[in-house]
Amino acid sequence: MADQSQDMRILVVGAGPTGLMMASELLRHGVKCRIIDKSAQPSDKTKALALHSRTLEIFENTGIVAEILERGAHCHGASLYHKGQRIAHIVVDEVDSPYPMIIMLPQPETEEILHKHLQKLGGQVEREVELVNVKENGEGVTAVLRQKDGKEETCKYDWIVGCDGAHSTVRKALNLAFDGAPYEELFTLADAKVTGGLAQDEVSTHFNEDGVLVFFPYRDGRFRVTADVSPDETSDPTPTEAEFQRLLDKRGPGGLKIEDIRWSGNFRIHRRSVKTYRKGNVFLCGDAAHIHSPVGGQGMNTGLQDAYNLAWKLALVVKGAAGPSLLDSYNEERHPIGQNVLKGTDIATRVATLRHPLAKKIRNHVMAFLSEQEVIQHRLNKVGTMIAVNYRHSPIVGESREFPDMQIKASPDSERPNLPAWMEFGQGPLPGDRAPDTVLTTKEGTSTRLFLALRGTAHNLLLFDGKPTEAGYRNFEEISQSAAKVYGDLIKMHMIVAGDKAPALNNFIGDVWLDEDLSAHRKYAATAESLYLIRPDGYIGFRSQPAKLKYVLDHLNMILAAQLVSI
């Protein structure tokens, strides 16, 4: 039996997008891992296409977003048609993100970028290595691996992460039920060139008496074409150009021609999920834990975000910078997200594939009405781009808010919020929410964005002064010194000053940013002194008003191991 060395204590099974993200994130956080895949080569099938705003933000933090943007097609929304008439139009351009778009990029190219990123970090996929069995004993995990030549090796790991897809060997070895069922409908797809006037920058969905036809643009006049079909509409496991042309003529807007099909097939979709994403020292991510309808393009994004959530926690535990209990939050945070995706895509699929004429008529009227409502459009954008994903009910997020000074006008030398400031803070970003981006200015006058200031693997403490007072700045200095002394490189401090002039500081440990137009203070509802702790995955772990050392240290002590000056 081979024992893995202390610097290789984690096994990642599966080198699709989720596994590559998991392995590269562990390496970025300073933890080595082994990643294996039973296939000889990555798949060349287009598979998943859509990369949503939240995933693009994650890619920015990891350092690969530029290549994703360069290679992918920029999609700005979706239109829904019935008999050639547009009944709904959804635009994502105004979503509150530095990336208000959907990037359409074939999965093999996303995997290629992730693999190149993994290699730059010092990792390498071991191919034609198959996981045969997993045994979890509460203290570690034993894995039986089969090499290309048929030889088996038995290895011990502290942790195993199963990113090995819908037919996960890891999940099966743990005897975890994959509850759910297939949809009754049969679907067909083709990746092909389509000419005839389709929009190149939005998804086009055409409802017809016989079913639905969807076009996903992804570059050079090529589209993913998908439709629900009856068995008599397609007779071949790999449908031909002629079969798809008949579908386009029957259901499309007219005048479309399909050619140069590079991949086609018929498939049934499933909705399935495990009841827990963790069993002892083994975790499941992505399709190994949940599969659902491809409507909305949520699948690959959800898997990538599973890995992004788990990696920083697992890295802290492996380093001894956090207790093992932190890992409980992975299931507690991500399982509800997976369930919401299952429910949402299930409803969308059933609505899209309605057969009864009256039900379809009602659907079309409702869609037309809702798409015209600004509040509904805004909500759809946040959900669809995954900006709305939050962990508000997580056990590792929290806040502390003191009762306000009941005077409407705050005392000039007090950092305690008055009633209006206290009420406004209550409407700001909540613990567990994605931290919003905003514009900041350096002391030298250079403009930047908050997301760029937060890049890295540490927690980030945002200290908003609300209004300038000497007592407030001395308090921020004390907070920064104490946090640095106790947690070292695990946390970075940022003072955000209301105005265009930096205060005189002698003992502040961290960066000082100017908020000249107060946009950052408004976005974080910090009209009085406030504090936000941003987790390594970009979500708000804790907030308080006013900013007090005890509050943030109490929270950090729940998450991190103290007395680690450097890691």
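For the numbers below, each heavy atom of this structure counts, side chains included, while hydrogens, waters and symmetry mates do not.
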Between [X] and [Y], is any pair of side-chain heavy atoms under 4.5 Å apart?
X    : Y    : answer
Q305 : H52  : no
Y218 : D191 : yes
I396 : E333 : yes
F187 : I269 : yes
D537 : Y391 : yes
V13  : T169 : no
R449 : T438 : no

Is [X] reaching over with its side chain to a backbone N or O of [Y], donor-acceptor style, under 3.5 angstrom?
X    : Y    : answer
D515 : H521 : yes
Q298 : G296 : yes
D287 : A166 : no
D437 : L450 : yes
N390 : A388 : yes
R9   : V318 : yes

Roughly how far, to the nearest 0.5 Å, is CG of L11 from CH2 of W159? 14.0 Å

For G63 and R455, work out which heavy atoms get closest and say how close.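 That closest heavy-atom pairing would be CA-NH2, 3.5 Å.
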
Which atom names give the shortest non-hydrogen contact between R28 and G456, and what distance separates them? NH1-O, 3.4 Å

Do R34's NZ or CZ and the ring of Y157 fall within the cation-pi criteria of under 6.0 Å and 45°? no

Would [X] and [Y] count as a close aromatic pair, with their ring centres under 6.0 Å?
X    : Y    : answer
Y524 : F464 : yes
Y277 : H290 : yes
Y532 : F425 : yes

Salt bridge check: are K275 and D179 linked by an N-O gap of less than 4.0 Å? yes

